[in-house]
2 protein chains.
Amino acid sequence: MASETDRPLKSPPTMADVAELAGVSTMTVSRALKKGGPISEKTRRKIMNAVDELGYVLDQTAGTLSSKRSGFVVALVPSINSSNFADTARGITEAIENTGLQLLLGYTDYLIEKEERLVESMLTRRPEGIIVTGGRHADRTRRLLSAAGIPVIETWDIPDNPIEHVVGFSNAAATNALVHHLYGLGYRNIGFVGGTSNRDTRGADRRLGYAQAIEQLGLPRGRVISFGKPPISMEQGGEAIAHLMSQWPDVDAAVCVSDLSAFGALMECHRRGWAVPGRIAIAGFGDFEVARCSFPRITTISVDAFEIGRAAGDLLLNAIEASREGRRIPPELMLMPFKVIQREST
Amino acid sequence: MASETDRPLKSPPTMADVAELAGVSTMTVSRALKKGGPISEKTRRKIMNAVDELGYVLDQTAGTLSSKRSGFVVALVPSINSSNFADTARGITEAIENTGLQLLLGYTDYLIEKEERLVESMLTRRPEGIIVTGGRHADRTRRLLSAAGIPVIETWDIPDNPIEHVVGFSNAAATNALVHHLYGLGYRNIGFVGGTSNRDTRGADRRLGYAQAIEQLGLPRGRVISFGKPPISMEQGGEAIAHLMSQWPDVDAAVCVSDLSAFGALMECHRRGWAVPGRIAIAGFGDFEVARCSFPRITTISVDAFEIGRAAGDLLLNAIEASREGRRIPPELMLMPFKVIQREST
DNA sequence: CTGTTAGCGCATTCAT
DNA sequence: ATGAATGCGCTAACAG
């Protein structure tokens, strides 16, 4: 057996090599390699032996060119370190598993300019469909996506003017519901903790929903702390809650833009000896594992990130299948449910 | 302007279309599209106009075939929901940013059989290099990787018999160091909390390091709780610590296989009124954000997951560049540092 | 600086 | 059930 250090630098074997070794044509090899091909069991076996002997691996690159099917699907998420979008990515992965499709994943870093560059570079691979996060995009991104002629799905949001399909929910409505929930519990001086810039449009929508609810309920306005650039971290959640309390000592509840910041805020409260929810109630967004496990457990909005990915993946599969048959399915708007999860922190 | 609903179903424009519109040959278009190509500014401008007008996007699939460079790099990680490996993925992403290389990411789910399938399907895209997690693989995985003739990097571990390059550290040595650290603090009845199966070889190595240290220090053995299949969750960490305490009430410190389980254990202690570190000390592994922010903050082993990715990415870039020039760089073994971070939980 | 020729490795289409 | 011819869209190599 060859030592593993003298690994080949030459190009790998081709289908023609396999065909020659098996004594058949390349076409027969091609058919033998895809399941369900019309091949006699005998020749298939011969071919498989040749494949093993040569260590042959199909070159999809070439296949793509001639079949005009790349087998790629792309998904763009803001970040992969937020378990939120990681779950969505997992949902997509699971949906396309065993379909022969490959996921090309990209991180936009919450920047629509980066999204634009990513879309362009991804289209270069001729994906058969694409899933993006959010409903705000650069103009050119929209143009590129429309011109690509492939199914497009926007997620995690309800865009005013969707590109094509949508799988999401209203971040504003969800946060609004959370504030009303806190109101129902008796809280009257409700603050908001979020990131600074408007990079994170979902964060901005949540703030909007908060402001609307405050307005509707006639509660004191302006108790908003903006801290750090999104995604706001645990650490920053801790700093933000300290600011909030020192600026408006009468605040009795804090709505945080995500469970991460809510958790950071909660731990800071522990540290400072502020009872939660006695002195101040804390609520988050996202129903992350950390919110379920912390002490006290954190009241939050649950949105099934995994399910968003799964649903988007399934929808994309349908659209791709239609597209392969020359059809096109009508634009779909899938509203995903959210709900307030009441826990010990409020 | 065409409405966005009547999106084209026809195939996108080709380089030939651009060439015709610009009145040049396809070769000139090709050169204009890669920066640094020998092109007069005038023709380049003409071509770019044609590109814009047609909404042309380069088809890398075809380029790959003729240039024999896919521009792909693959990375296989156990899971993307562990912030650990997400950080490594981010490090790789950052390392290859602006190199024209594209990351193909796959999740093995901690299963070497799934890794095997992934390797095979990824090789189908003719990646120029591959980064895998850990040092244990299926035999066929090793064979496929060796036969692929591309640079291979194993990470997060120090394999006994590396395939080629390694960027990692010894999980056993790190955990061993942590136990010695706890010993130094005066703890004598040290337990271990980890997952059940041996799917997670890094987890198994950590347990091994724990056992070795216990042996070396002459401490009471066997205080090990195995709970849930890896990656062990926060929730399971909580359950595990309860088991540990009920089974060996004399335990005064718990080493957890990861910060996630350590955090879950910590919160369970809060819940049950066990003072940390007064009644029991808790230590984790990985230096996750949650360990830095929790109350009390958790003693842990810090390994720079991001840096592992970054270093592996850089190394891979070197190897790929060499490979493109027909050279091969000698197998490298990069030992990444780890250190015990003493915090309030011990 | 630009064009011509050739071919990458496979799947489609049409034969047989 | 198998084979032959053809071309996918691009870039390498060479020519001018």
Side-chain angles (χ1 to χ4, degrees), chain A residues 10-47 50-51 54 56-72 100 123-128 148-149 324-326, chain B residues 10-47 50-51 54 56-72 100 123-128 148-149 324-326:
Chain A
K10 60 181 187 57
S11 40
T14 74
M15 203 175 249
D17 297 328
V18 178
E20 187 180 353
L21 184 55
V24 296
S25 73
T26 61
M27 205 45 239
T28 307
V29 177
S30 176
R31 286 194 267 253
L33 256 34
K34 50 188 46 190
K35 70 157 222 160
I39 289 282
S40 78
E41 198 42 49
K42 216 177 73 189
T43 46
R44 152 173 253 119
R45 203 178 303 285
K46 259 197 321 198
I47 289 170
V51 164
L54 294 174
Y56 173 72
V57 177
L58 185 67
D59 184 345
Q60 284 219 60
T61 282
T64 296
L65 199 55
S66 65
S67 72
K68 315 199 124 264
R69 288 186 187 184
S70 67
F72 277 126
L123 286 181
T124 250
R125 303 295 186 174
R126 294 294 184 266
E128 302 189 45
R324 283 176 169 177
E325 294 167 5
Chain B
K10 58 184 189 57
S11 41
T14 73
M15 201 175 254
D17 298 326
V18 177
E20 187 178 354
L21 183 56
V24 296
S25 73
T26 61
M27 203 49 234
T28 307
V29 176
S30 175
R31 286 194 267 251
L33 257 34
K34 52 187 44 188
K35 73 155 220 161
I39 289 280
S40 79
E41 198 41 51
K42 215 178 70 187
T43 45
R44 153 173 252 119
R45 204 177 304 284
K46 260 196 321 196
I47 289 169
V51 165
L54 294 175
Y56 174 71
V57 178
L58 184 68
D59 185 344
Q60 285 219 61
T61 283
T64 295
L65 197 55
S66 69
S67 71
K68 309 193 134 277
R69 288 185 186 184
S70 67
F72 277 125
L123 286 180
T124 247
R125 304 294 185 174
R126 294 294 185 263
E128 302 190 44
R324 283 175 170 177
E325 294 168 4

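Chain A is the first sequence line, chain B the second, and so forth, proteins listed ahead of strands; every chain is numbered from 1.
- In terms of the side-chain contact (heavy atoms from CB on, under 4.5 Å) criterion, residue partners of B/S67 (sequence neighbours excluded) are, by chain and number, B/R69.
- In terms of heavy atoms, B/T26 sits closest to B/M15 at O-SD, 3.6 Å.
- Rounded to whole Å, atom P of C/dC10 lies 9 Å from atom CG of B/L65.
- With hydrogens and angles ignored, the 3.5 Å screen pairs a side-chain donor or acceptor of B/S70 with a backbone N or O of B/R126.
- Taken residue by residue, residues 39-46 of chain A places heavy atoms nearer than 4.0 Å to DNA chain D at A/I39, A/S40, A/T43.
- Counting only N and O atoms by type, the side chains of B/T43 and B/S40 include a donor and acceptor under 3.5 Å apart.
- Not a single donor-acceptor pair under 3.5 Å links the side chain of B/R44 to the backbone N or O of B/I39.
- Remark: B/K68 is not in phosphate contact with C/dG7, judged by side-chain N or O atoms under 4.0 Å from OP1 or OP2.
- Of the possible polar contacts, none joining the A/Q60 side chain to the B/T124 backbone as a donor-acceptor pair under 3.5 Å is found.
- Between the P atom of C/dC10 and the CZ atom of B/R125 lies a distance of 13 Å, rounded to the nearest Å.
- Using a 4.5 Å cut-off on side-chain heavy atoms (C-beta onward), A/Y56 and A/L33 make contact.
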What's touching nucleotides 10-13 of chain D from the protein side, N or O pairs under 3.5 Å?
{"from": "D/dC10", "atom 1": "OP1", "to": "B/Y56", "atom 2": "OH", "distance (Å)": "2.1"}
{"from": "D/dC10", "atom 1": "OP2", "to": "B/M15", "atom 2": "N", "distance (Å)": "2.4"}
{"from": "D/dC10", "atom 1": "O2", "to": "B/S66", "atom 2": "OG", "distance (Å)": "3.4"}
{"from": "D/dT11", "atom 1": "OP2", "to": "B/S30", "atom 2": "OG", "distance (Å)": "2.5"}
{"from": "D/dT11", "atom 1": "O4'", "to": "B/S66", "atom 2": "OG", "distance (Å)": "2.5"}

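- Side-chain atoms of A/T28 and A/S25 include a donor-acceptor pair closer than 3.5 Å.
- Taking atom CZ of residue A/R69 and atom P of nucleotide C/dC10, one finds them 18 Å apart after rounding to whole Å.
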